[in-house]
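First the structure, in the form of structure tokens, and then the observations on it.
Residues take their numbers from the sequence shown, with the count starting at 1.
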Amino acid sequence: ALFTDALVSERLNRALGGVPRSVRGHVVVCGLGAVGLRVAERVLAAGLPVTAVQLDPDDALLLSARRQGIAAVNGDARFPSSLREARARAVVLATRDDLTNLEAGLMVRREFPQARIVLRMYDQELAHQAAALMPDGAVLSTADLAAPAFAFAALGPRVHGTLEHEDRLYVVAETAVQTGAVAAGKPVSGMEESGRVRLLGVERGGRVHWRPPPDVQIAAADVVVALTAPGGLDDLLALTRDPTNRVERVEPAGAAEPYPSTIELDPPPGGWLDDPE
């Protein structure tokens, strides 16, 4: 009878999206909004078991998570009972409310000290206070993480990610070496002279060569993937872009401040249009 009860309970849990009793060392994501669901999907894709805790049992994102094989529990992340059976290695608190995330984070720190805590925060002042209260956790702002990626992507290179360390923002970017660029013909060590650029890989002929040796020569049409420190993205663009690729810009009449005489533009794949406009 005990064996049958355990077997049936396990199957019902799986069918309804509950947490299997055998799951240990997984990641718990509290709050299945747009961000929480993406976090759960990424954790699952990384090969780690993941459990979601959501207050609303009828939430469409909760149903979407269950369809993807993510175990789900209905409950309030602020109460230990919601996480009692979840012997998690990490707890991600990604609800839409800062105070809920902070309250739940303090509860997890008290009740489950072995678990890694990750908090999503909107208010920057509250985020700094939360980081001081939980120095062993991670307090992240989606706005702070996304804004640099948008800003740097507008400059030209493809931004793969940003990370912050000791109030310094680092960017992982990918850009093609244009014909006539300073980098064409330079060795890897020459591109890293400033100390603000570190090449992670070079794509050539459809193949990426990771951690290239310092003496490898960079060629036009290569695609480089680099980690840049503050100011390093400017160095990377200056090295990989053709310095002669400039377009004159006319200063408008009556402007309070003059526009720069030239701006740098990348030519489109088909070349510049013949129409001067």
Side-chain angles (χ1 to χ4, degrees), residues 17-19 23-46 48-66 68 70-151 161-171:
V19 182
V23 173
R24 297 293 183 271
H26 57 304
V27 177
V28 177
V29 179
C30 301
L32 273 185
V35 173
L37 180 59
R38 290 301 302 274
V39 171
E41 291 172 348
R42 291 296 181 91
V43 173
L44 190 65
L48 293 175
V50 58
T51 297
V53 177
Q54 177 71 354
L55 188 60
D56 184 1
D58 299 321
D59 191 277
L61 294 176
L62 180 63
L63 299 177
S64 175
R66 286 174 173 171
Q68 298 180 61
I70 298 172
V73 174
N74 300 125
D76 192 324
R78 294 170 295 180
F79 296 100
S81 58
S82 299
L83 303 175
R84 185 66 65 188
E85 293 186 4
R87 293 176 174 82
R89 63 188 296 168
V91 178
V92 180
L93 298 158
T95 76
R96 298 182 179 91
D97 185 81
D98 281 0
L99 292 178
T100 296
N101 292 337
L102 180 57
E103 184 179 351
L106 294 173
M107 180 277 296
V108 172
R109 186 172 181 240
R110 180 183 67 251
E111 299 290 336
F112 311 99
Q114 79 286 351
R116 169 80 168 165
I117 305 172
V118 181
L119 267 70
R120 172 197 185 186
M121 304 292 283
Y122 289 96
D123 188 281
Q124 295 304 300
E125 186 62 31
L126 190 59
H128 290 304
Q129 296 176 11
L133 289 172
M134 291 177 286
D136 52 344
V139 181
L140 305 174
S141 165
T142 49
D144 274 354
L145 293 173
F150 277 95
T162 61
L163 59 95
E164 188 173 353
H165 176 63
E166 295 182 352
D167 295 328
R168 292 165 63 87
L169 187 68
Y170 296 84
V171 179

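A side-chain donor-acceptor contact under 3.5 Å links Arg109 to the backbone of Leu133. A donor-acceptor pair under 3.5 Å is formed between the side chain of Arg116 and the backbone N or O of Asp136.
Nearest heavy atoms, Ala127 versus Met121: CB-CB, 3.9 Å. In plain terms, the two heavy atoms of Leu32 and Ala52 that are nearest each other are CD1-CB, 3.5 Å. Residue Val108 comes nearest to Ala115 through the heavy atom pair CG1-CB, 4.4 Å, listed as atom of the first residue, atom of the second, then distance. Residue Leu119 comes nearest to Gly105 through the heavy atom pair CD1-CA, 4.2 Å, listed as atom of the first residue, atom of the second, then distance. Of all heavy-atom pairs spanning Gly31 and Thr95, the tightest one is CA-CG2, 3.9 Å. Between Phe112 and Met107, the closest heavy-atom pair is CE1-SD, 4.1 Å.
We find the CD-CG distance between Glu103 and Leu93 to be 11.0 Å, quoted to the nearest 0.5 Å. One finds the CD atom of Glu111 at 11.5 Å from the CG atom of Leu106 (value rounded to the nearest 0.5 Å). Annotation: the span from Ser141 atom OG to Asp98 atom CG amounts to 8.5 Å, rounded to 0.5 Å.
Between Val53 and Val91, the closest side-chain pair of non-hydrogen atoms is not below 4.5 Å. Between His26 and Leu48, every side-chain heavy-atom pair lies at or beyond the 4.5 Å cut-off. Contact annotation: the side chain of Leu37 approaches that of Glu41 to within less than 4.5 Å [non-hydrogen atoms, C-beta and beyond].
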- Task: Start with the C-alpha gap between Leu102 and Met134, add the side-chain angles, then the distance that decides, and say whether side-chain contact (heavy atoms from CB on, under 4.5 Å) holds.
- Result: CA-CA 10 Å; Leu102 180 57; Met134 291 177 286; 4.1 Å; yes

Verdict with reasoning, Val27 to Val39, per side-chain contact (heavy atoms from CB on, under 4.5 Å)
CA-CA 10 Å; Val27 177; Val39 171; over 6 Å; no

